[in-house]
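Structure, as structure tokens:
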Amino acid sequence: MSNVRTRFAPSPTGYMHIGGMRTALFNWLWARHNGGQFILRIDDTDQERNLSEALGPILQAFKWLGLDWDEGPEVGGEYGPYFQSERNDLYRAAVDQLLTEGNAYRCYVRTDEIPSGRDEKLEFMRQRPSLKLSQSELDQYEAEGRPSVVRLKVPHDQIVKIEDAVRGHVEFDTNLMIDPVILRANGTPLYNLATVIDDAQMQITHVIRAEEHLSNTPIQVLIYQALGYDLPQFAHIPFVAAPGGKEKLSKRKLEKYRKSPQFKKMFDKAESVFPRIGLENAGGLDPVMVEYYEKIGYLPEAILNALARLGWSLDDKTENMSLDKIIENFTLDRIVKSAAGLDPDKLLSFQSHWMNQLSLDEKVERCSPFLENAGLVQDASVPEIKQRISQVILGMEDRLKVASDILDFDEFFVADDQLEYDPKAFKKRIQKSAEAVILLGKLKDQLAKADDFGAGALDKLLHDFVDAEEIGMGQIIHALRVSVSGKGTGIGMFDCLAILGRASCVRRIERAIALAQGT
RNA sequence: GGCCCCAUCGUCUAGUUAGGCCCAGGACAUCGGGUUUUCAUCCCGAAAACAGGGGUUCAAAUCCCCUUGGGGUCACCA
């Protein structure tokens, strides 16, 4: 394949859609696989909003995931400009060409003149009333400044055939098509025109986009042909569906997703994490946005891996793949045809895999900002604090999946007298058992005078204690865990004690006993 | 509704282009057992699918037709 050029053309909406990201990724992968170029072009034809504000998060998503672009905003390129709003001359020139060559015409029909029924509308528009206007009528319209749009003259009795890289052969009957508007009355181009001009002028070889674009592809093909351009290779990939369904993942259905069992845990996570790191209202973030995953502590490797596996596979068994491995193996013919639902569980499992590939220092680096933003540590770079974070992460082992999971282990970062006890665990393990309180008291005394407070020594101390008291480990360890950590579950008991240190353990046990006795 | 697309375990998928190697393989989730005298892991195991009906063929998940189901799209949006 010689010099492959692909592109992704987002419109600046203020956020990057996770499904759009997958489409962008496929384009990027195909370009990289072939040593070609990936172009970012901004479809900003309706310039309502503040562009930099609306574009920022989109570029940020690409940067976060490490998907670089060879041409586009910030980097320029020889086929620019890369903002559609700056390319009007190109569109006008193309429209003029279509007009003079008779492949398009000015249409003066007002929208209120078009019949409403589908068949009636098609029949009416196929007559092309504006082409039947006499010269004097035309002159009159011009004179009175009657608004007009430019429509593409769709040839009748023709079958438009498309050879799609993932769909195969698809055809459309032009007799069912209404001449599409390509230039608005205000002189700005419509998507179908702009995208063709841009793709052709930018020498795009492969148009890889979501399948919802399949139905306006025939219009584009007709424009390509009318303008004498070569057709690019089309590849209509399935869209990303909402978890547990086949419906296109959409920002408009957020409320529905909130109630979906598959989706719920992602919203729950947002609710538990975002407020703690100072993002009010979850920072306006939701799982449809790429930014959600960044802010909650997912790894780019995991998102990329999950997105790549959504609608594409290497073979019958490979699941975990680095970006390099994906680039090496990515081909269009292995793209799946049907829509695939985003699976939060599977995503989390990819995340877990990639988190485990990180060194301890890297994990510390990922988790520290969460502790700082939650106010649990002042400055994570202070050696003693960094040391403690490292120890906790080490103790967390596979419990650390998403970087923000560190917040679930805040017992290692709060002052002893600030430790909150989970009421349920406290009641079950300590309050309800008079024996537990007595045992805790005895154990505390032993801990207070232990020579060695390392995990290994504590392990032995506990076992000796249990033997001496002639009880089972289960009779003390749960009470101990709750009293020092406030929780019923957590990292390994001995690591937990060792990390907290003798003074904290003793104080916390004393406090728990006092609380249990109601003093 | 018209047009178009899609259809393998609950989910993501392999297998479909070149029919037999598939009474269908992997992963996630689920369930059971073992390890861990705590928690999480880990290990082992189980359950779980070719939407239905017709063809073609010695042979069909794979090819053809029909039905059903799901989805997308029908703008002077992109």
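Quick note on labels: first sequence line is chain A, next is B, and so on, each numbered from 1. Treat the numbers as computed from the prediction; the structure is a model and nothing was measured.
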Nucleotide [N], atom [atom2] - distance to [atom1] of [X] in whole Å:
{"X": "Arg118(A)", "N": "C4(B)", "atom1": "CZ", "atom2": "P", "answer": "12 Å"}
{"X": "Glu247(A)", "N": "C5(B)", "atom1": "CD", "atom2": "C1'", "answer": "16 Å"}
{"X": "Asp345(A)", "N": "G10(B)", "atom1": "CG", "atom2": "P", "answer": "16 Å"}
{"X": "Asn320(A)", "N": "C28(B)", "atom1": "CG", "atom2": "P", "answer": "9 Å"}

Taking atom [atom1] in both [N] and [M], what distance in whole Å separates the two?
{"N": "U8(B)", "M": "A61(B)", "atom1": "C1'", "answer": "7 Å"}
{"N": "C12(B)", "M": "A29(B)", "atom1": "P", "answer": "15 Å"}
{"N": "A51(B)", "M": "G71(B)", "atom1": "C1'", "answer": "15 Å"}

| said: Partner lookup for U68(B), please. Criteria are Watson-Crick or G-U wobble with both distances under 3.5 angstrom; report none if nothing qualifies. | reply: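 Result: A7(B).
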| In Watson-Crick or G-U wobble terms, both distances under 3.5 Å, what is the partner of U30(B)? |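 Partner of U30(B): A46(B).
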Under 3.5 Å, which donor-acceptor pairs link side chains of residues 473-492 of chain A to any protein atom two or more places apart or in another chain?
residue: Gln475(A); atom: OE1; partner: Gly472(A); partner atom: N; Å: 2.7
residue: Gln475(A); atom: NE2; partner: Glu435(A); partner atom: OE2; Å: 3.2
residue: Arg481(A); atom: NH1; partner: Ile491(A); partner atom: O; Å: 2.8
residue: Arg481(A); atom: NH2; partner: Ile491(A); partner atom: O; Å: 3.2
residue: Ser483(A); atom: OG; partner: Ala479(A); partner atom: O; Å: 3.1
residue: Ser483(A); atom: OG; partner: Leu480(A); partner atom: O; Å: 2.9
residue: Ser485(A); atom: OG; partner: Arg481(A); partner atom: O; Å: 2.8
residue: Ser485(A); atom: OG; partner: Lys487(A); partner atom: N; Å: 3.2
residue: Ser485(A); atom: OG; partner: Lys487(A); partner atom: O; Å: 3.3
residue: Lys487(A); atom: NZ; partner: Asp408(A); partner atom: O; Å: 2.8
residue: Lys487(A); atom: NZ; partner: Asp410(A); partner atom: OD1; Å: 2.8
residue: Lys487(A); atom: NZ; partner: Glu411(A); partner atom: OE1; Å: 2.5

| task | Answer yes or no for Arg429(A) and Phe426(A): cation-pi contact, defined as NZ/CZ to six-membered ring centre under 6.0 Å and angle to ring axis within 45°. | result |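 Negative - Arg429(A) is either too far from the ring of Phe426(A) or too far off its axis.
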| Residues in side-chain contact (heavy atoms from CB on, under 4.5 Å) with Ala104(A), at least two apart? |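 Counting only residues at least two positions away or on another chain, Ala104(A) forms a side-chain contact (heavy atoms from CB on, under 4.5 Å) with Leu98(A), Leu99(A), Val150(A), Ile182(A).
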